[in-house]
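Everything on this sheet refers to the single structure shown next.
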Amino acid sequence: MAPRLEFEKPVIELQTKIAELKKFTQDSDMDLSAEIERLEDRLAKLQDDIYKNLKPWDRVQIARLADRPTTLDYIEHLFTDFFECHGDRAYGDDEAIVGGIAKFHGLPVTVIGHQRGKDTKENLVRNFGMPHPEGYRKALRLMKQADKFNRPIICFIDTKGAYPGRAAEERGQSEAIAKNLFEMAGLRVPVICIVIGEGGSGGALGLGVGNHLHMLENSTYSVISPEGAAALLWKDSSLAKKAAETMKITAPDLKELGIIDHMIKEVKGGAHHDVKLQASYMDETLKQSLKTLLKLSEEELVQQRYEKYKAIGKVSVEDQYIGVN
Amino acid sequence: MLKDIFTKKKKYASVPSDQAKHDVPEGIMTKCPKCKKIMLTKELDKNMRVCMNCDYHFPMNAKQRIESLMDEQSFEEFNQGMLSENPLGFPGYLEKLEKDREKTSLNEAVVTGKGTIGGHPAVVAVMDSSFRMGSMGSVVGEKITLAIEKAKADKVPFIIFTASGGARMQEGVLSLMQMAKTSSALKLFSEEQGLIISVMTHPTTGGVSASFASLGDYNFAEPGALIGFAGRRIIEQTIGEKLPEDFQTAEFLLKHGQLDAVIHRDDMKKTLENLLDMHQTGGDIEWLQD
């Protein structure tokens, strides 16, 4: 197995060595089990050491892995009876966003999420998970439907951003995202958002105005990509690694900033190592969120959501103006 | 083309062969218009009128549709005896209606009623294109509106299967206004959280596609169904362009954002059952209680 991520190199090296020794033991009479055991101990320690101290840039790399589980992967493991609904009823069906109805442990819910592909062919269909306006309009249509039928809404966020293209602008990308923020603020049902990969700017937020906002440990959420930030701030996109640290875009950082409610732990080394296990971690969080939110009235849900976003932002007031409007 | 004037058009006369004279009586066999395969009508009916060879969805009449969907013995028809008048004194209209009544043993182009699907109660309206091409006049508009009102009163979902050429010309503006009437009824039903499911079948066009057919919380269609507002010929003449082959098919509409899903007839009952189940209110969920 070739290391895909730089920081994983020592782990992979050790794993390869262990595998070689095991094979050697099998093929010859020499008993190396003591040595193997020793190495396995070392591997466990090394993994702990590496995976518990991931740097922001390491997390960015994990969040961007092609085989990181996507919205449809989690839908498969978290829900039953998923029925996908297509189209914005106006222009098209954007496959960069999927949505529909499903049951969560028997409870009917509406599920919506960005959907990227895992290979080139799939990515052409999914437009790399970068939605056009019709994607956001489809999402809004389904949210309105959930609101009508009193179903909680669960959004999975996983996009590099809304698609920057000519057609997207012609059809009103800004308006589509803005309208979602506006309408989501008024939904009378619980809205739970989980960032599962990359949360790229306004394109992510377009599915992101919720009562609860959770993030997987190795996902990111930011106003701009580290590369974009580096290019804008320091005129050098190769400083992305530095930007990833400075911009505070990882789940632990956002937890500390009070932006997210809960950081959902990941399978050792990243969600891609075991989707099923990862889904079980999310299942618990979703259950807790729904239990809490379904106790609130429609008015309380709207109010709680409003206060959540109102509280975000840091300002100070000069002494002489205190008490003055 | 100039040279066309000089070439003589060949004409062929067709003489029925001996074999054709002893052909099977009409109705026993049906030829699929898509794959041209000839099959026993009886078997086709048993297969819910879906071609065994190429999956082509033949039109279904209202009776067949209701039988294919509703739980046995559960369907109760509404307003069966409601008949059209001839409000504009349109020449020959009443005679045409009479002829279609005989042909279809229906009184009008829509059958409405209440029953259960997989045990879930619902009011359904099923249009039948064999009666005046499923066109909507006063009776169709009124029956659909009454059915929606009934769904509202009973607090059950409303499901409509559309098949229509559009508004009925012979009743003029009265037909046009049925679009507003049925849509208004749906709005009031929807305001009370009423569930609306529309299934567009071949063909759904004009005033019907531009009213209740498009107003479902879920809009579905059968594969290959023709769905659109203006007819292909009118559009081609207006814009002076040839339209693509798949223009205005169910699949075309799905791609253009108008449909939630295209559903094969085999899966129709199950899909509706699941959807009705998903919208059932009440029922305790244990893990939410503690």
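In what follows, every heavy atom counts, from backbone to side chain, and hydrogens, waters and symmetry copies are set aside. Lettering of chains follows the sequences in order, A, B, ..., and the numbering in each one begins at 1. No experiment lies behind these values; they were computed from the predicted model shown.
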Side chain, backbone, both or neither: which part of [X] has a non-hydrogen atom closer than 4.5 Å to chain B?
X: A:Glu134; value: neither
X: A:Leu294; value: side chain
X: A:Tyr91; value: backbone
X: A:Arg141; value: side chain
X: A:Glu95; value: neither
X: A:Lys287; value: both

*Option in B:Glu286, B:Met278, B:Glu191 with maximal non-hydrogen atom pairs under 4.5 Å from chain A*: B:Met278

*Who wins among B:Asn219, B:Thr271, B:Leu259 for the most heavy-atom pairs under 4.5 Å with chain A?*
B:Asn219

*So which heavy atom on B:His279 is nearest to which on A:Arg151, and how close?*
NE2-NH1, 3.0 Å

*asked:* What verdict does the side-chain contact (heavy atoms from CB on, under 4.5 Å) test give for B:Leu288 and A:His105, after you've listed the backbone C-alpha separation in whole Å, the side-chain angles of each residue and the deciding distance to 0.1 Å?
replied: CA-CA 10 Å; B:Leu288 274 174; A:His105 297 286; over 6 Å; no

Crowding at [atom1], [X] (>12 non-hydrogen neighbours, <6.0 Å):
X: B:Phe247; atom1: CZ; result: yes
X: A:Lys291; atom1: NZ; result: yes
X: B:Gln289; atom1: CD; result: yes
X: B:Phe252; atom1: CZ; result: yes
X: A:Lys179; atom1: NZ; result: no
X: A:Tyr306; atom1: OH; result: no

*Step by step, work out the side-chain contact (heavy atoms from CB on, under 4.5 Å) result for B:Asn274 and A:Phe83.*
CA-CA 9 Å; B:Asn274 286 346; A:Phe83 181 79; over 6 Å; no

Flag side-chain contact, heavy atom, 4.5 Å: [X] against [Y]:
X: B:Tyr218; Y: A:Gln145; result: yes
X: B:Ser190; Y: A:Lys148; result: yes
X: B:Lys255; Y: A:Asp93; result: no

*With rounding to the nearest 0.5 Å, note down the distance linking CH2 in B:Trp287 to CG in A:Leu107.*
5.5 Å

*Could you check B:Asp260, B:Leu254, B:Leu253 and say which one makes a side chain to side chain contact (heavy atoms under 4.5 Å, CB included) with A:His86?*
B:Leu254

*Begin from the C-alpha positions of A:Asp81 and B:Asp277 and carry the test side-chain contact (heavy atoms from CB on, under 4.5 Å) through to its verdict.*
CA-CA 10 Å; A:Asp81 303 294; B:Asp277 175 60; 5.7 Å; no

